[in-house]
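Excluded from the calculations below are hydrogen atoms, water molecules and symmetry mates; all remaining heavy atoms, backbone and side chain alike, are included. Along the sequence shown, the residues carry numbers beginning at 1.
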Amino acid sequence: MRFNAGEFDIAVIGAGHAGIEAGLASARLGCNTAVFTINMDAVGNCPCNPSIGGTAKGHLVREIDALGGEMGKAADECFLQMRMLNRGKGPAVHSLRAQIDRRAYSTRMKHTLELQKGLELHQAEITDLEKTPDGTWLLTTRLEAQYTAKAVILATGTYLGGRIYVGDVSYESGPDGMFPSKYLPNALEKLGMTIRRFKTGTPARVLRSSIDFTDLEEQCGDEPVVPFSYDTDIPGENKVKCHISWTNETTKQIILDNIHRSPMYSGRIEGIGPRYCPSLEDKIVRFSDKKRHQLFIEPCGLDTEEMYLQGMSSSLPEDVQLKFYHSIKGLEHCVVMRPAYAIEYFCADPIQMYSTLEFKDFEGLYGAGQFNGSSGYEEAAAQGLIAGINAALKIQKRKPFILDRASSYIGTLIDDLVTKGCNDPYRMMTSRSEYRLILRQDNADTRLTPKGREIGLIDDKRWERFTKKQQTINAELERINHTVLSPTEKLNGILKSCGTTEITTGVKLVDLLKRPELSYEALKEADPTRPELDPNILEQVEVEIKYEGYIKRQLIIIDQVRRLEKKLLPPDTDYSRIEGLRLEAREKLNKVRPENIGQASRISGVSPADISVLVIYLASLKNRMEDQNE
């Protein structure tokens with residue numbers, strides 16, 4: 001018998017990385033929140049790689065933290081090894097990555113939810129979702145408990161209609177052998193939502209003692225450790241080493257001889273897989289000229305002997321997996337504890353959503369994470385945070401919170417999803433942002449912490465710390481711009497050793513720092529008034545100085561784009577009735593229903609000529625409204 005189990009402001013379906021951030025954000029903003037998970041032991045689970053961050057993903061974690069989210073703090077507390085990627089490249093693509101203890105991370109996140117005031121965590125499978133006549137949402141569990149909520153956030157990950165594939169074997173399942181969300185897909189289709197099938201996969205886990213590390217390349221963490229969170233004072237130490245190995249011609253031949261047994265190539269898997277994280281068999285076929293592929297052997301935690309084989313995702317039968325794993329250096333006698341698998345699941349077409357991540361046709365219903373067609377823990381957490389914030393703001397009748405592309409990687413991620421959609425699982429990359437010199441990970445707090453404060457997610461202590469840091473940065477920039485260094489023997493010796501021209505008269509410190517051959521650290525001995533500052537502050541100051549010209553040019557472009565973002569398009573616009581638009585543009589505009597001219601200009605199939613027509617249309621619309629008001 002169905003019964004009324006409770007009423008909430010916001011209900012979050014799913015307690016993965018998206019659901020956690022959504023639930024915490026909404027509760028911290030004062031909304032009575034419930035988070036539902038099929039299995040309480042899977043809260044914050046990392047069913048694929050036990051890591052947080054990486055190229056572009058590290059930017060997302062820093063931005064989540066800058067807004068008041070939780071992922072960065074948890075990663076700092078649970079990391080096993082911390083590395084800054086792309087140090088050999090420019091500062092725009094420097095990205096932090098942490099190998100984490102997956103069980104410690106999950107436990108920490110579950111406890112955070114349990115302790116959060118205004119939040120209830122429930123183990124329950126939501127089987128039905130309906131809109132009630134009074135505008136609230138009715139959620140029904142498999143045990144026939146019913147909850148009502150003013151807003152619902154769908155953060156179902158890969159559980160929604162999940163199906164596992166290993167060779168010829170296929171069965172209904174969520175990740176890591178959990179139960180799937182079996183009935184909710186039917187409820188969403190009944191609502192009229194467009195959903196489709198995507199797929200992802202994960203490598204095998206192998207026993208540490210069965211690996212021969214003798215001839216494998218070691219990969220150590222960075223010293224000193226750089227944390228994700230701006231709140232982390234003492235980040236801890238690296239505790240483990242990772243290792244690198246390679247596939248070979250034998251591995252390749254084993255896979256090619258058995259490719260017909262892969263459900264991907266036999267046609268049994270319908271879902272579309274991630275373009276930028278392909279399975280090993282997909283890499284072998286797509287890059288047939290490559291003789292070998294790299295893999296990383298990474299620990300899953302301090303209290304487990306499981307090792308993760310990054311780069312070795314597969315859906316081939318278990319016997320084939322054993323053969324190709326045993327063909328790889330170091331893994332000749334490895335014991336596979338968990339075989340690799342592919343998982344197929346339902347997700348929504350994100351074009352159905354506004355930039356707030358609310359569905360255009362279902363008021364009060366939001367999507368986040370892999371449910372929106374993205375891949376990755378960091379992409380999920382970022383969307384969960386924004387969905388949770390906007391659901392809370394809507395209930396409180398406050399202005400929605402929208403990050404544009406020029407403000408953040410989070411804004412870029414969401415704009416790409418809701419404007420362009422995705423035909424395969426979306427992965428964040430630095431190349432997706434046209435403003436990446438502005439959107440560096442070192443200045444995420446400068447860009448976003450004031451916004452987090454305005455929303456209400458940054459407390460007084462964090463705000464005081466932030467403002468003090470900004471004052472220190474400004475004071476140091478002021479000092480550098482007014483400090484003149486004389487042509488001493490020591491200074492010229494430094495300049496000569498760095499391969500740059502010596503000076504004969506006094507030169508401003510700022511002008512020396514603009515030279516590509518020189519760095520803040522190199523000039524330390526010749527700069528007597530330099531204060532002792534945090535390395536993060538020094539990095540931010542140096543980047544601002546060295547790239548000042550490029551940054552100014554990007555800011556001019558950003559200002560021009562933001563003018564287009566301010567030209568709002570009425571949500572009920574029928575583009576098929578606007579004369580001058582091409583047929584393709586009319587179809588695409590009616591499908592996406594862009595919120596402004598800037599978003600319309602980024603829709604594939606909408607040309608600059610079409611944008612000119614829309615600008616004229618808006619002007620005429622404004623004139624008609626003014627005439628009516630006279």
Do you see a donor-acceptor pair shorter than 3.5 Å between the side chains of [X] and [Y]?
X    : Y    : result
D212 : T214 : yes
S95  : Q441 : no
S229 : D65  : yes
T202 : S313 : no

Taking 4.0 angstrom as the limit, do [X] and [Y] come out as a salt bridge?
X    : Y    : answer
D101 : K239 : no
E548 : K552 : yes
R405 : E565 : no
R602 : D415 : yes
D527 : R479 : yes
R97  : E298 : yes
R462 : D445 : no
R447 : D442 : no

Would a distance-only check, ignoring hydrogens and angles, find a side-chain to backbone donor-acceptor pair under 3.5 Å from [X] to [Y]?
X    : Y    : answer
H17  : N45  : yes
T500 : K496 : no
K291 : E249 : no
N86  : V93  : yes
Y547 : A92  : no

State the [atom1]-[atom2] distance between [X] and [Y], to the nearest 0.5 angstrom.
X    : Y    : atom1 : atom2 : value
I386 : E63  : CD1   : CD    : 9.5 Å
K241 : E217 : NZ    : CD    : 12.5 Å
L518 : I494 : CG    : CD1   : 9.0 Å
E542 : E521 : CD    : CD    : 9.0 Å
M429 : D416 : CE    : CG    : 9.5 Å
E305 : R205 : CD    : CZ    : 15.5 Å

task = Could you check I351 against V418 for side-chain contact (heavy atoms from CB on, under 4.5 Å), going step by step and ending with a plain yes or no?
result = CA-CA 4 Å; I351 286 179; V418 304; over 6 Å; no
4.5 Å side-chain heavy-atom contact, [X] and [Y]:
X    : Y    : answer
L477 : I545 : yes
P235 : F228 : no
K567 : N596 : no
R562 : D404 : yes

message = Run R465 and D233 through salt bridge (Lys or Arg N to Asp or Glu O under 4.0 Å) and show every step you take.
response = CA-CA 11 Å; R465 180 175 184 155; D233 289 315; 2.4 Å; yes
key: Matching residue for Q540 among D534, T446, N443 - test: side-chain hydrogen bond (donor to acceptor under 3.5 Å, both in side chains)   = T446
request  = Report the residue from E223, Q99, Q81 that forms a side-chain hydrogen bond (donor to acceptor under 3.5 Å, both in side chains) with N238.
outcome  = E223
message = Does D282 form a side chain to side chain donor-acceptor pair (under 3.5 Å) with S279? I'd like the steps, not just the answer.
response = CA-CA 5 Å; D282 202 17; S279 65; 5.0 Å; no
Exercise: identify the closest heavy-atom pair between L85 and G54 =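 So the two residues come closest at CD1-CA, 3.8 Å.
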query = Between Y325 and M312, which heavy-atom pair has the shortest distance, and what is it?
reply = OH-O, 3.2 Å
Aromatic Y230 / basic R62 pairing, under 6.0 angstrom, 45° off normal =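 Yes.
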message = Could you tell me if R108 sits above the aromatic ring of Y105, with its cationic atom closer than 6.0 Å to the ring centre and no more than 45 degrees from the axis?
response =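 No; the conditions do not both hold, so R108 does not lie above the ring face of Y105.
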query = Considering residues at least two apart in sequence or located in another chain, which fulfil the salt bridge (charged side-chain N to carboxylate O under 4.0 Å, His left out) criterion with E544?
reply = R440
request  = Using the salt bridge (Lys or Arg N to Asp or Glu O under 4.0 Å) rule, take D215 and K329 through it: C-alpha gap first, then chi angles, then the decisive distance, then the call.
outcome  = CA-CA 8 Å; D215 296 321; K329 181 189 289 187; 5.5 Å; no
message = For residues 418-461, which residue pairs pass the ring pair (Phe, Tyr, Trp, His ring centres under 6.0 Å) check, not counting sequence neighbours?
response =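 As it turns out, there is no ring pair (Phe, Tyr, Trp, His ring centres under 6.0 Å) pair with a partner in residues 418-461 once direct neighbours are skipped.
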message = What verdict does the side chain to side chain donor-acceptor pair (under 3.5 Å) test give for T356 and N390, after you've listed the backbone C-alpha separation in whole Å, the side-chain angles of each residue and the deciding distance to 0.1 Å?
response = CA-CA 6 Å; T356 58; N390 278 308; 5.0 Å; no
task = Might you work through the side chain to side chain donor-acceptor pair (under 3.5 Å) test for S355 and E595, ending with a clear yes or no?
result = CA-CA 8 Å; S355 297; E595 297 162 57; 2.9 Å; yes
message = Checking side-chain contact (heavy atoms from CB on, under 4.5 Å) between R453 and each of L448, T467, D460, which is the one that passes?
response = D460
request  = Sequence neighbours left out, what pairs pass salt bridge (Lys or Arg N to Asp or Glu O under 4.0 Å) with at least one residue falling in residues 374-389?
outcome  = K57-E378, K57-E379
task = Evaluate side chain to side chain donor-acceptor pair (under 3.5 Å) for S375 paired with Q370, printing each intermediate quantity in order.
result = CA-CA 6 Å; S375 69; Q370 285 183 278; over 6 Å; no
ask   = After noting the C-alpha distance and the side-chain angles of E525 and K490, does the key distance pass the side-chain contact (heavy atoms from CB on, under 4.5 Å) rule?
value = CA-CA 8 Å; E525 296 302 320; K490 177 185 284 187; 4.3 Å; yes
